[in-house]
Asker: 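Sharing a structure below in structure tokens format, with a few things to ask.
Atoms within each ligand, like the ligands themselves, are counted from 1 in listed order. Just so you know, these numbers use all the heavy atoms, side chains as well, and skip hydrogens, waters and symmetry mates.
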Amino acid sequence: MSNSYRKLSQLKTAVALRDRLTQLGLDLPVDDEILTAKGGSPMAAPLTVVGVAIGNRWCIHPMEGWDANEDGSPSAHTLRRWRNFGLSGAKWIWGGEAAAVQPDGRANPNQTLAVPANRAGLASLLEELLAAHREHVGTTDDLLVGLQLTHSGRFCRPNDKSKLEPRIAYHHPLLDAKFGIDPDDASVVWSDDDLERLIDNYVIAAGLAHDVGFRFVDIKSCHGYLLHEFLSARPRPGRFGGDYQGRTQLLKTIIGRVRDTLPDLMIVCRLSVFDIVPFETNREVGEPMRFQDQLPYQWGFGTDVQDPLSTDLAEPLQLIRDLCQLGVAAVNVSCGSPYYNPHIQRPAIFPPSDGYLPPEDPLVGVARQISAARQCKQAAGDVPLVGSGYSYLQEYLPHVAQAVVRAGWIDSVGLGRMVLAYPRLPADTLETGQMVRNRICRTLSDCTTGPRFGLISGCFPLDPYYKQLSETQQLKDLKHDLR
Ligand SMILES: Cc1cc2nc3c(=O)[nH]c(=O)nc-3n(C[C@H](O)[C@H](O)[C@H](O)COP(=O)(O)O)c2cc1C
Ligand code: SF4
């Protein structure tokens, strides 16, 4: 049961965490104390990404807030989030948030748009972040900021927060059932012709990002969204499905077209390097959807086809090698999807409203991601990799981050939920070796549950800015009703 797992906050020392990891059979290094930059923290070491020197090893993951205006331009909430990313002290901002390359590709009607009509909006996000960095941290010469580009595919809700308008790569028997898609409806499946227009829109969006001053674009291929779904499109006929070459062709074509059109723009890729079967939404301990009559399991990327609760990294490692060959400057290693197996992507002790109680100690999920990223590092050679899924480590996040960077398991550690709760973690730890205890993310999942109820996202429990918004009470009431 979820709450039978020992909470991280109950482990009073790094030694206690190490003991717990040993009990669980997990191989994860933990330093005894947080090192400052002056004290030689590995997190303070510079990192070079294709000739660009980045000031430290902290990265901020992209995180959308379901809070842009309906024309895709930033609201005050959006700008504030980017400002917080800028003042965090991290020197690598991986994309800010997922920006849709065409309006029908939005995951909600309030998603940021990377379309020409929103040029000024994109520029203001970047400017806000840079200004905060200059004011609170210092030079922006060693700061690398890009924009994440996306199409939400199966999870599009462009017009109504409660209405899916899916555009899928192929019919997936379990996900179709989970999200109410008619398995015989051919109209929701992309035609190869429509994909040509999508590729054009990625190139237009990348050009826009470049024009307004972003240093790179991330061609997002993770979390169940469109380009991730194509990586498992085995049943899809034609040039964008079938075997490994076909399934990876759409991603590679987009990267190639952006690279050829914009040779000065860096291209990076956030990749779900493994997946497992979808889980049922319920109030109990998570259970996978019934998959036993679907073996060998054809519907995953980085999934063991005979045992789809386990991973198989052979294809993802090949894809990383291929992307490096194509000129991708860095890879951000993630996994799974927040919509159908959140416990692997965002290990948490308290589930989001569309989740389930954790079926494993969340430390297992953290270690799984770190171990997968370590294997990816070997495939990537000199191309830098960013790791994900660290927020569950709470007060021990810096202890593990500096240990894995020192050991060469990963080049940079990305922060997701932790930075929503505690934006200054990188600066505080590098300057003082301390964390502000009451700002530490406790994986309460309200930043995911809010949007699931059609609200904006944010750290409602810990961020004073959100605490005073009416949405906080709304969220409490909705969670109460759910119980
Ligand atoms: C509110 C919220 C919004 C997110 N939005 C995005 C996004 O736009 N793009 C993306 O690649 N990942 C997104 N993620 C996933 C995070 O970047 C990250 O991978 C995940 O939270 C696990 O890292 P963590 O343990 O540090 O939170 C989002 C996560 C949260 C909680
Ligand atoms: S709502 Fe705050 S404490 Fe909860 S998971 Fe999100 S960032 Fe962490």
Asker: Return the closest protein heavy atom for atom 25 (O) of ligand 1 as residue, atom name and distance.
Answerer: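 Among all protein heavy atoms, the one nearest atom 25 (O) of ligand 1 is Arg417 NH2, 2.8 Å.
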Asker: Looking at Ser391 and Met418, would you say the former's side chain and the latter's main chain have a donor-acceptor pair under 3.5 Å?
Answerer: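 Here the side-chain-to-backbone pair exists.
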Asker: Checking Asp27 now: which residues fulfil side chain to side chain contact (heavy atoms under 4.5 Å, CB included) with it, not counting sequence neighbours?
Answerer: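 Arg374, Trp409.
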Asker: Under 6.0 Å between ring centres: does that hold for Tyr356 and His343?
Answerer: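 Yes - the distance between ring centres of Tyr356 and His343 falls below the 6.0 Å cut-off.
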Asker: Can Gln102 and Asp104 be counted as having a side-chain donor-acceptor contact under 3.5 angstrom?
Answerer: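 Result is yes, a qualifying pair exists.
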Asker: Would you say the side-chain atoms of Ser388 and Asn332 include a donor-acceptor pair closer than 3.5 Å?
Answerer: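 Short answer, yes.
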Asker: Among Leu113, Val212, Val115, find the residue that satisfies the side chain to side chain contact (heavy atoms under 4.5 Å, CB included) test when tested with Leu122.
Answerer: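 So, applying the side chain to side chain contact (heavy atoms under 4.5 Å, CB included) to Leu122 and each of Leu113, Val212, Val115, only Val212 qualifies.
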Asker: What protein heavy atom sits nearest atom 5 (N) of ligand 1, and how far away is it?
Answerer: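 Result: Glu64 N, 3.1 Å.
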Asker: To check your reading of the model: name the closest protein heavy atom to atom 1 (C) of ligand 1, its residue, and the distance in Å.
Answerer: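 Looking only at protein heavy atoms, the one closest to atom 1 (C) of ligand 1 is Ser457 OG, 3.3 Å.
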Asker: Could you tell me, atom by atom, which parts of ligand 1 come under 4.0 Å of a heavy atom of His61?
Answerer: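 Numbered from 1, ligand 1 contributes 17 (O).
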Asker: Tell me which part of Gln345 gets within contact of ligand 1: side chain, backbone, both or neither, using heavy atoms under 4.0 Å.
Answerer: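 It is both backbone and side chain that touch ligand 1.
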Asker: Among all protein non-hydrogen atoms, which one is nearest to atom 2 (C) of ligand 1, and what is the separation to 0.1 Å?
Answerer: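 Its nearest protein heavy-atom neighbour is Met63 CG, 3.8 Å.
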Asker: Leu323 and side chain to side chain contact (heavy atoms under 4.5 Å, CB included): which single residue from Thr248, Leu251, Val268 fits?
Answerer: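 It is Leu251; the other options fail the test.
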Asker: Could you list which atoms of ligand 1 come closer than 4.0 Å to a heavy atom of Lys220?
Answerer: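 Every atom of ligand 1 under 4.0 Å from some heavy atom of Lys220: 7 (C), 9 (N), 10 (C), 11 (O).
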Asker: Between Tyr422 and Asp428, do the side chains contain a donor N or O and an acceptor N or O under 3.5 Å apart?
Answerer: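 A pair is found: one side chain offers a donor N or O, the other an acceptor, under 3.5 Å apart.
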Asker: Using a strict 4.0 Å cut-off to heavy atoms of Gln148, name the atoms of ligand 1 that fall inside it.
Answerer: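 Matching atoms, with element in brackets: 7 (C), 8 (O), 9 (N), 10 (C), 11 (O).
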Asker: Starting from atom 24 (P) of ligand 1, what is the nearest protein heavy atom, named by residue and atom, and what distance separates them?
Answerer: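 Protein heavy atom at minimum distance: Ser391 OG, 3.3 Å.
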Asker: Determine whether the aromatic ring centres of Phe179 and Phe155 lie less than 6.0 Å apart.
Answerer: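 They qualify: ring centres under 6.0 Å apart.
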Asker: Return the residue, atom name and 0.1 Å-rounded distance of the protein heavy atom closest to atom 19 (O) of ligand 1.
Answerer: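 Here the nearest protein heavy atom works out to Arg270 NH2, 2.8 Å.
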Asker: Would you check whether Ala98 has a nitrogen or oxygen atom less than 3.5 angstrom from a nitrogen or oxygen atom of ligand 1?
Answerer: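 Yes, at least one N or O pair falls under 3.5 Å.
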Asker: Which of the atoms in ligand 1, numbered in the order shown and given with their element, are less than 4.0 Å from a heavy-atom of Cys447?
Answerer: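 In order of numbering, the contacting atoms are 1 (C), 31 (C).
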Asker: What about Gly416: any of its N or O atoms under 3.5 Å from an N or O on ligand 1?
Answerer: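 Yes, Gly416 has an N/O under 3.5 Å of an N/O on ligand 1.
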Asker: Looking at Arg81, Arg80, His77, which one forms a side chain to side chain donor-acceptor pair (under 3.5 Å) with Tyr465?
Answerer: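 Testing each of Arg81, Arg80, His77 against Tyr465, the sole residue satisfying side chain to side chain donor-acceptor pair (under 3.5 Å) is His77.
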Asker: Which protein N, O or S atoms lie under 2.8 Å from atom 8 (Fe) of ligand 2?
Answerer: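 Metal shell, protein only: Cys441 SG.
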Asker: At what distance is the nearest protein heavy atom to atom 6 (C) of ligand 1, and which residue and atom is it?
Answerer: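 Among all protein heavy atoms, the one nearest atom 6 (C) of ligand 1 is Pro62 O, 3.1 Å.
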Asker: Strictly by modelled atom types, are Thr281 and Asp354 linked by a side-chain donor-acceptor pair under 3.5 Å?
Answerer: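 No, no side-chain donor-acceptor contact under 3.5 Å.
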Asker: Looking at atom 23 (O) of ligand 1, what's its closest protein heavy atom, distance included?
Answerer: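 In this structure, atom 23 (O) of ligand 1 has Gly389 N, 3.5 Å as its nearest protein heavy atom.
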Asker: Does the side chain of Tyr390 come within less than 4.5 Å of Ile410's, by heavy atoms?
Answerer: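 Heavy-atom side-chain distance check passes, below 4.5 Å.
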Asker: Is it true that Arg6 and Asp361 have a side-chain N and a carboxylate O under 4.0 angstrom from each other?
Answerer: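 Salt bridge absent between Arg6 and Asp361.
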